[in-house]
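Both backbone and side-chain heavy atoms feed into the values below; hydrogens, waters and symmetry mates do not.
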Amino acid sequence: MFFHITLERNMQLHPRHFGPHLRDKLVAKLMKDVEGTCSGRHGFVVAITSVEDIGKGLIREGTGFVTFPVKYQCVVFRPFKGEILEAVVTMVNKMGFFAEAGPVQIFVSNHLIPDDMEFQSEDVSNYTTSDGSVKIQKDSEVRLKIIGTRVDATEIFSIGTIKDDFLGVINDPGAAS
């Protein structure tokens with residue numbers, strides 16, 4: 001799920017960046033350092049939407065660097081248990097498959113795949129129904145349900161299932177060929 005939240009961060013800036021474009025340099029450094037990162041507490045930072053406040057800088061003795069407290073608003077993505085996501089399959093093996101929904105990697109175990117689907121290790125590894133009508137392979141789009149998440153300091157791991165109503169393959173790239 002996406003959230004719009006306010007965060008704070010202390011930014012260090014080298015003295016060579018001081019001048020009329022100080023604010024622009026701070027905002028550019030903030031975007032470079034923060035966007036695309038993951039904090040276990042808030043989730044993945046997708047984008048910074050605005051900078052609310054840049055506090056007074058504090059000179060660090062001996063280095064000349066200045067530390068500025070910066071308050072900013074950003075959009076974060078954090079998956080929750082029970083959430084339904086659409087994801088792209090990145091890898092299929094006999095244990096299950098991995099899929100990505102934006103920055104989140106989700107593992108779906110073979111026990112959480114419908115019973116009528118079996119693993120096939122042909123030229124392209126996949127899970128196929130007995131009649132061959134539905135196939136899960138690399139680059140397939142699937143709708144899945146998050147059944148568990150584990151949060152580390154810099155990463156979020158998720159477990160999903162497609163063994164429920166209205167879940168499963170949305171788009172199969174192999175069907176076109």
Side-chain angles (χ1 to χ4, degrees), residues 1-9 27-51 72-177:
M1 192 170 299
F2 293 93
F3 299 98
H4 193 235
I5 61 172
T6 301
L7 294 175
E8 290 186 34
R9 183 181 178 102
V27 171
K29 185 172 177 14
L30 178 70
M31 287 182 173
K32 182 178 164 264
D33 291 353
V34 173
E35 286 182 351
T37 61
C38 176
S39 82
R41 185 172 177 203
H42 301 291
F44 294 93
V45 178
V46 178
I48 294 173
T49 55
S50 67
V51 175
Y72 60 97
Q73 289 187 338
C74 60
V75 175
V76 295
F77 174 68
R78 175 140 190 216
F80 286 99
K81 185 177 177 180
E83 185 174 358
I84 307 293
L85 293 175
E86 293 181 1
V88 177
V89 176
T90 55
M91 187 175 82
V92 179
N93 60 35
K94 65 181 180 181
M95 302 300 288
F97 66 85
F98 287 93
E100 287 182 351
V104 178
Q105 188 169 42
I106 304 153
F107 177 68
V108 179
S109 167
N110 59 1
H111 300 291
L112 300 170
I113 295 173
D115 297 330
D116 67 333
M117 298 189 94
E118 296 212 3
F119 178 71
Q120 308 286 323
S121 59
E122 302 162 3
D123 53 338
V124 177
S125 298
N126 61 59
Y127 281 89
T128 310
T129 55
S130 53
D131 63 357
S133 62
V134 178
K135 189 183 278 191
I136 298 174
Q137 62 187 16
K138 189 177 186 307
D139 296 327
S140 294
E141 293 177 20
V142 294
R143 182 174 292 124
L144 49 84
K145 181 179 183 179
I146 303 287
I147 58 168
T149 59
R150 189 181 92 219
V151 178
D152 281 353
T154 60
E155 212 167 356
I156 299 174
F157 303 96
S158 297
I159 304 291
T161 182
I162 60 169
K163 204 175 191 177
D164 213 345
D165 292 340
F166 307 108
L167 302 179
V169 177
I170 302 169
N171 186 13
D172 182 9
S177 55

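Listed by chain and number, the residues in a ring-ring contact (aromatic ring centres under 6.0 Å, His included) with Y72 amount to none (sequence neighbours excluded). Partners of F97 according to the ring-ring contact (aromatic ring centres under 6.0 Å, His included) rule, which considers only residues two or more places apart in sequence or in another chain, do not exist here. Applying the salt bridge (charged side-chain N to carboxylate O under 4.0 Å, His left out) rule to D115 yields the partners K163; only residues at least two apart in sequence or on another chain are considered. For F44, the ring-ring contact (aromatic ring centres under 6.0 Å, His included) criterion is met by no residue, not counting sequence neighbours. Remark: D139 engages no residue in a salt bridge (charged side-chain N to carboxylate O under 4.0 Å, His left out) (not counting sequence neighbours). Legend: residues meeting side chain to side chain donor-acceptor pair (under 3.5 Å) with H42, ordered by chain and number and at least two apart, are absent. Among residues two or more places apart in sequence or in another chain, the side chain to side chain donor-acceptor pair (under 3.5 Å) test is passed with D116 by none. Take F107 and apply the ring-ring contact (aromatic ring centres under 6.0 Å, His included) test, not counting sequence neighbours, and it matches F98. Contacts of D152 classified as salt bridge (charged side-chain N to carboxylate O under 4.0 Å, His left out), with partners at least two apart in sequence or in another chain: R150. Every residue meeting the side chain to side chain donor-acceptor pair (under 3.5 Å) condition with R143, not counting sequence neighbours, appears here in chain and number order: E86.
Summarising the geometry of T128 relative to Q120, their closest heavy-atom pair is OG1-CG, 3.6 Å, with the distance given to 0.1 Å. Listed here is the closest heavy atom pair of S140 and K135: OG-O, 3.8 Å. Smallest separation of non-hydrogen atoms from M31 and I48: CA-CD1, 3.8 Å. The two residues T149 and P79 have their closest heavy-atom pair at CG2-O, 3.9 Å.
No side-chain heavy atom of V45 sits less than 4.5 Å from a side-chain heavy atom of C38. Looking at heavy atoms from C-beta onward, I136 lies out of side-chain contact with N126 at the 4.5 angstrom threshold. You'll find the side chain of P114 reaches within 4.5 Å of the side chain of I162, heavy atoms only. Between L144 and L167 the shortest side-chain heavy-atom distance does not fall below 4.5 Å. Using a 4.5 Å heavy-atom cutoff, the side chains of I113 and F119 are not in contact. With contacts defined as side-chain heavy-atom distances shorter than 4.5 Å, the pair V151/R78 qualifies. Side-chain contact between I159 and L112 is present, with heavy atoms from C-beta onward closer than 4.5 Å.
Side-chain atoms of T49 come within 3.5 Å of backbone atoms of Q73 as a donor-acceptor pair (strictly under, hydrogens ignored). Panel note: side chain T129, backbone V134; a donor-acceptor pair is recorded below 3.5 Å.
Sparse packing is recorded around CZ of F166, with 12 or fewer heavy atoms of other residues, nucleotides or ligands lying under 6.0 Å away.
We find the CG-CD distance between N171 and E141 to be 4.5 Å, quoted to the nearest 0.5 Å. Between atom OG1 of residue T161 and atom CD1 of residue I106 there is a gap of 12.0 Å, rounded to the nearest 0.5 Å. With values rounded to the nearest 0.5 angstrom, I147 atom CD1 is found 10.0 Å from D164 atom CG. The NE2 atom of H4 sits 7.0 Å away from the SG atom of C74 when rounded to the nearest 0.5 Å. A distance of 7.0 Å separates CE in M95 from NE2 in H111, rounded to the nearest 0.5 Å.
Annotation: salt bridge (charged side-chain N to carboxylate O under 4.0 Å, His left out) contacts involving residues 99-112, sequence neighbours excluded, are absent. Residues in residues 32-46 take part in these salt bridge (charged side-chain N to carboxylate O under 4.0 Å, His left out) pairs, two or more places apart or across chains: K29-D33.
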Exercise for review: For L7 and R9, run side chain to side chain contact (heavy atoms under 4.5 Å, CB included): C-alpha distance rounded to whole Å, both residues' side-chain angles, the deciding distance at 0.1 Å, then the answer.
Suggested key: CA-CA 7 Å; L7 294 175; R9 183 181 178 102; over 6 Å; no
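The aromatic rings of F77 and F2 sit tilted, their planes meeting at an angle between 30° and 60°.
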